[in-house]
Amino acid sequence: MTSRRTVLTGIGACLMLPGCERIGKTKPVHDLLYSLDGLTMRAQRLVTARGALAREYTEADLSPRFRVNGTRQPASADYARHQKEGFANWRLNVGGMVRRPLQISLSDLRAMPTRTQITRHDCVEGWSAIGQWTGVQLSRILDFARVSERAKYVLFRCADNYGDTPYYETVDMIEARHPQTILAWGMNGDILSVAHGAPLRLRSERQLGYKHAKYVMGVEAIESFAEIGGGKGGFWEDRSGYDWWAGI
Ligand SMILES: Nc1nc2c(c(=O)[nH]1)N[C@H]1C(S)=C(S)[C@@H](COP(=O)(O)O)O[C@H]1N2
Ligand SMILES: [Mo]
């Protein structure tokens, strides 16, 4: 208990000092992840302001090259068809615990109010890159679909499989409604490329790279992820035991 309190105080104190976000910069992501291992997500929420923003950068900071990781081309026939059609007939399915299920076209998503942000992506495998992302805040879509108050998480179903297993991710409602949590259709001033998750990918800027689901086909409000996939809340969480919370 004492040691936990010491850790908490340390982090809390650090957050009040300018330049403290550098922790994430100087320490390898892995170290940071495991130094927080003993803390519950709730404890981290207590020491971090609920609405705290991930650091945003300037265009001068953009990485000359943004690595592609994981799937770079979904293999399904469905996806191939949409890709060929320039995603003109593709629809984002919004469902689960919502009062108004939606099917939103890419042009409608692009017509919604946009948010552009330059952020650093941290992959658990030990690389980072700064990129600019443009999209619609997930909170707008949740509001538009009139998500139920009982929903606790948002599930993202992706178009790509690893073998027979579809990639998926979940975030809680605090993360889902965070202002920097966007469904991005643009990157570095261009339309999002297939390699980076076209037509739509999640940016959940306070979390590690694997949470940022690419090729998002469906968004569902859910009460629990216990019955989805392997029950751990995400593809890599199921397969490799990666942390579900994955806060940076
Ligand atoms: N659908 C899907 N989303 C995914 C992945 C994937 O393989 N499939 N890989 C994840 C991982 S581990 C990382 S680091 C980022 C990589 O995004 P990038 O290819 O744009 O760099 O996407 C994440 N989202
Ligand atoms: Mo990653």
Side-chain angles (χ1 to χ4, degrees), residues 53-59 61-74 79 82-83 86-88 90-94 102-123 127-145 154-160 167-221 234-236 246 248:
L53 296 177
R55 178 168 172 187
E56 293 195 18
Y57 297 77
T58 68
E59 285 185 24
D61 302 313
L62 287 172
S63 299
R65 191 176 155 270
F66 200 110
R67 189 167 146 176
V68 171
N69 209 27
T71 304
R72 51 183 61 234
Q73 171 69 64
Y79 187 88
H82 286 308
Q83 191 177 340
F87 302 101
W90 170 92
R91 298 288 181 274
L92 173 69
N93 285 301
V94 183
L102 303 167
Q103 297 213 308
I104 318 178
S105 71
L106 195 52
S107 52
D108 283 345
L109 285 167
R110 288 185 187 140
M112 290 176 83
T114 59
R115 185 185 161 94
T116 292
Q117 57 204 26
I118 300 179
T119 53
R120 197 189 62 213
H121 179 99
D122 293 324
C123 174
W127 59 273
S128 298
I130 294 176
Q132 183 195 58
W133 303 97
T134 299
V136 54
Q137 286 172 317
L138 180 59
S139 63
R140 288 185 190 274
I141 291 174
L142 297 177
D143 288 345
F144 197 40
V154 177
L155 163 68
F156 304 89
R157 293 192 188 274
C158 304
D160 58 321
Y167 199 95
Y168 77 99
E169 260 301 339
T170 57
V171 300
D172 66 15
M173 280 297 167
I174 294 177
E175 225 48 50
R177 291 191 169 283
H178 185 271
Q180 288 170 317
T181 300
I182 64 174
L183 288 171
W185 45 260
M187 178 189 185
N188 292 347
D190 281 324
I191 293 298
L192 187 66
S193 66
V194 167
H196 287 295
L200 199 66
R201 67 99 50 87
L202 176 67
R203 295 299 310 169
S204 176
E205 303 292 359
R206 305 189 299 183
Q207 295 182 291
L208 289 168
Y210 57 88
K211 302 297 288 186
H212 301 228
K214 308 199 281 189
Y215 317 111
V216 173
M217 302 289 121
V219 168
E220 280 170 43
F235 174 81
W236 287 115
I248 299 175

Would you name the heavy atoms of [X] and [Y] that are closest together and state the gap between them?
X: F156; Y: V219; answer: CD2-CG2, 4.0 Å
X: A159; Y: P74; answer: O-CB, 4.1 Å
X: V194; Y: Q83; answer: CG2-NE2, 3.6 Å
X: S63; Y: I130; answer: OG-N, 2.7 Å
X: T181; Y: E175; answer: OG1-O, 2.6 Å
X: V171; Y: S204; answer: CG1-OG, 4.2 Å

Would the distance check show the side chain of [X] and the main-chain N or O of [Y] forming a donor-acceptor pair, the cut-off being under 3.5 Å?
X: H82; Y: F87; value: no
X: K211; Y: L202; value: no
X: Q180; Y: Q117; value: no
X: D190; Y: M187; value: no

So, do [X] and [Y] sit near enough that their side-chain heavy atoms are less than 4.5 Å apart?
X: S128; Y: R67; answer: no
X: L109; Y: I141; answer: yes
X: I174; Y: R206; answer: yes
X: F144; Y: L102; answer: yes
X: H178; Y: Q137; answer: no
X: N69; Y: Y210; answer: no
X: W133; Y: T116; answer: no
X: Y57; Y: Q132; answer: no

- Message: Test side chain to side chain contact (heavy atoms under 4.5 Å, CB included) on H212 and R201; report intermediate values, then the result.
- Response: CA-CA 7 Å; H212 301 228; R201 67 99 50 87; 3.9 Å; yes

How far does [atom1] of [X] sit from [atom2] of [Y], to the nearest 0.5 angstrom?
X: H196; Y: Y215; atom1: NE2; atom2: OH; answer: 9.0 Å
X: Y167; Y: M217; atom1: OH; atom2: CE; answer: 14.0 Å
X: E205; Y: I118; atom1: CD; atom2: CD1; answer: 11.0 Å
X: L92; Y: D108; atom1: CG; atom2: CG; answer: 11.0 Å
X: E169; Y: Q207; atom1: CD; atom2: CD; answer: 8.0 Å
X: M112; Y: W185; atom1: CE; atom2: CH2; answer: 12.0 Å

- Charged N-O contact under 4.0 Å between E56 and R115: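 Looking at E56 and R115, the cut-off is met.
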
- Query: For Y79, which residues count as a side chain to side chain donor-acceptor pair (under 3.5 Å) partner, sequence neighbours excluded?
  - Reply: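 Residues passing side chain to side chain donor-acceptor pair (under 3.5 Å) with Y79: none at all.
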
- So R55 and R120, side chain to side chain contact (heavy atoms under 4.5 Å, CB included) or not? Walk me through it. CA-CA 8 Å; R55 178 168 172 187; R120 197 189 62 213; over 6 Å; no

- Worked check of side chain to side chain contact (heavy atoms under 4.5 Å, CB included) between D160 and K214: CA-CA 9 Å; D160 58 321; K214 308 199 281 189; 5.9 Å; no

- Query: Taking everything shown except F66 itself, do over 12 heavy atoms lie less than 6.0 Å from its CZ?
  - Reply: yes

